[in-house]
Amino acid sequence: MTTFFGLCNSAGVASGSASDNNGGSGVSVWNNQAVISFTCPGSGSQTINEISSDLHLSSGSANVRCAVYSNDGSTLIAQGTGAVALSGASDAWQGHIGQANITPNPATLTGGTKYVLVASASGGSGTTATDHADSTSNSLIFDSTDRTGGYSGALPAGTTGNPLWPVRVGLIDAGGDVLMAQVLM
């Protein structure tokens with residue numbers, strides 16, 4: 001059984017309608033938990049098997065790497081094992097699909113606990129974009145740091161703004177059911 005939560009419809013499709021892009025510089029964006037917080041569904045320990053963001057490539061080339069942090073942004077819980085090249089001119093869930101593509105392996109979250117989800121896009125020649133962002137005022141925190149080489153330490157204070165890019169986390173519970181925890185970033 002698949003379960004979706006966050007800023008999406010019941011089928012798990014990103015429901016935001018704002019467009020956003022980042023071109024020529026690295027950027028990391030995450031949900032401002034004071035405005036939009038995301039709670040892991042279910043209860044007990046859940047194994048992560050996906051962390052992805054609904055993005056597309058407008059031009060050139062760019063990479064994405066996603067991560068999960070504690071609700072206060074102080075502790076890195078999981079991240080993709082490496083940067084993933086973005087492709088396609090239309091939004092698609094791109095990132096770290098499959099437990100083997102997430103570190104640590106296994107990485108677990110606790111049902112009922114709130115988390116911060118992060119997407120980082122590389123700069124250079126590419127323009128990273130999404131048509132499914134959320135435009136709630138101050139929904140995101142960002143900084144101009146390319147973390148596609150890897151996340152470490154706490155998230156910085158950053159700058160508040162909007163729109164928030166869509167990011168989702170897929171979970172497998174102890175019974176083997178697949179749960180999808182989806183949020184927009």
Side-chain angles (χ1 to χ4, degrees), residues 1-16 18 20 27-55 64-80 93 95-97 99 101-121 130 132-143 145 147 150-175 177-185:
M1 180 178 145
T2 302
T3 303
F4 297 95
F5 79 96
L7 301 172
C8 59
N9 66 21
S10 62
V13 176
S15 60
D20 190 45
V27 65
S28 293
V29 299
W30 58 95
N31 58 297
N32 179 358
Q33 64 277 17
V35 177
I36 297 178
S37 63
F38 302 109
T39 304
C40 177
S43 61
S45 184
Q46 317 248 358
T47 301
I48 300 173
N49 70 350
E50 177 180 338
I51 311 171
S52 60
S53 188
D54 192 40
L55 299 171
V64 65
R65 191 171 193 171
C66 302
V68 179
Y69 272 81
S70 59
N71 191 51
D72 64 2
S74 67
T75 305
L76 173 64
I77 296 169
Q79 65 181 308
W93 291 106
H96 321 288
I97 300 171
Q99 190 175 332
N101 296 312
I102 298 162
T103 187
N105 183 2
T108 59
L109 301 179
T110 302
T113 302
K114 294 179 181 180
Y115 295 96
V116 171
L117 304 180
V118 189
S120 187
T130 183
H132 295 104
D134 177 80
S135 60
T136 302
S137 180
N138 295 321
S139 60
L140 70 78
I141 300 175
F142 74 95
D143 68 5
T145 302
R147 292 184 175 84
Y151 294 85
S152 65
L155 291 170
T159 303
T160 58
N162 57 278
L164 180 65
W165 290 359
V167 173
R168 72 181 180 187
V169 174
L171 303 167
I172 302 172
D173 70 12
D177 292 333
V178 176
L179 301 172
M180 294 297 256
Q182 178 175 324
V183 296
L184 287 177
M185 300 233 306

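Here, residue 1 is the first one in the sequence, and each next residue gets the next number.
- No donor-acceptor distance shorter than 3.5 angstrom exists from the side chain of Asn162 to the backbone of Leu164, with no hydrogens or angles considered.
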Side-chain donor-acceptor contacts of residues 104-120 below 3.5 Å, not counting sequence neighbours, with atom names and distances?
residue: Asn105; atom: OD1; partner: Gln99; partner atom: NE2; Å: 2.8
residue: Thr113; atom: OG1; partner: Thr110; partner atom: O; Å: 3.3
residue: Tyr115; atom: OH; partner: Thr110; partner atom: N; Å: 2.8
residue: Ser120; atom: OG; partner: Val27; partner atom: O; Å: 3.3
residue: Ser120; atom: OG; partner: Ser28; partner atom: OG; Å: 2.9
residue: Ser120; atom: OG; partner: Arg147; partner atom: N; Å: 2.7

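- With sequence neighbours excluded, the residues that form a side chain to side chain donor-acceptor pair (under 3.5 Å) with Asp20 are Trp165.
- Proximity of a side-chain donor or acceptor of Thr75 to a complementary backbone N or O of Ser70 within less than 3.5 Å is not detected.
- Here the straight-line distance linking atom OG1 of Thr130 with atom CG of Asp54 works out to 5.0 Å at 0.5 Å rounding.
- The CD atom of Glu50 sits 7.5 Å away from the CD1 atom of Ile102 when rounded to the nearest 0.5 Å.
- Considering every non-hydrogen atom in both Ser139 and Val35, the closest pair reads CA-CG1, 4.1 Å.
- Proximity of Ile77 to Tyr151: side-chain heavy atoms (C-beta onward) are nowhere separated by under 4.5 Å.
- For the atom pair SG (Cys40) and CG (Asn71), the distance works out to 12.5 Å, reported to the nearest 0.5 Å.
- With Gln46 contributing its side chain and Pro41 its backbone, the two residues share a donor-acceptor pair below 3.5 Å.
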Quiz item: Where do Ile141 and Thr160 land on the side-chain contact (heavy atoms from CB on, under 4.5 Å) test, with the steps shown first?
Solution: CA-CA 4 Å; Ile141 300 175; Thr160 58; 4.1 Å; yes
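- Among all heavy-atom pairs drawn from His132 and Ala14, the shortest one is CB-CB, 3.7 Å.
- Under the 4.5 Å side-chain criterion, counting only non-hydrogen atoms from C-beta, Leu171 is in contact with Ile48.
- To the nearest 0.5 Å, atoms OG (Ser53) and NE2 (His96) are separated by 9.0 Å.
- Smallest separation of non-hydrogen atoms from Asn31 and Ser37: ND2-CA, 4.1 Å.
- Using modelled atom types, one side-chain atom of Asn32 and one backbone atom of Asn138 make a donor-acceptor pair closer than 3.5 Å.
- Scanning all heavy atoms of the two residues, the minimum distance from Gln33 to Asp72 falls at NE2-CA, 4.1 Å.
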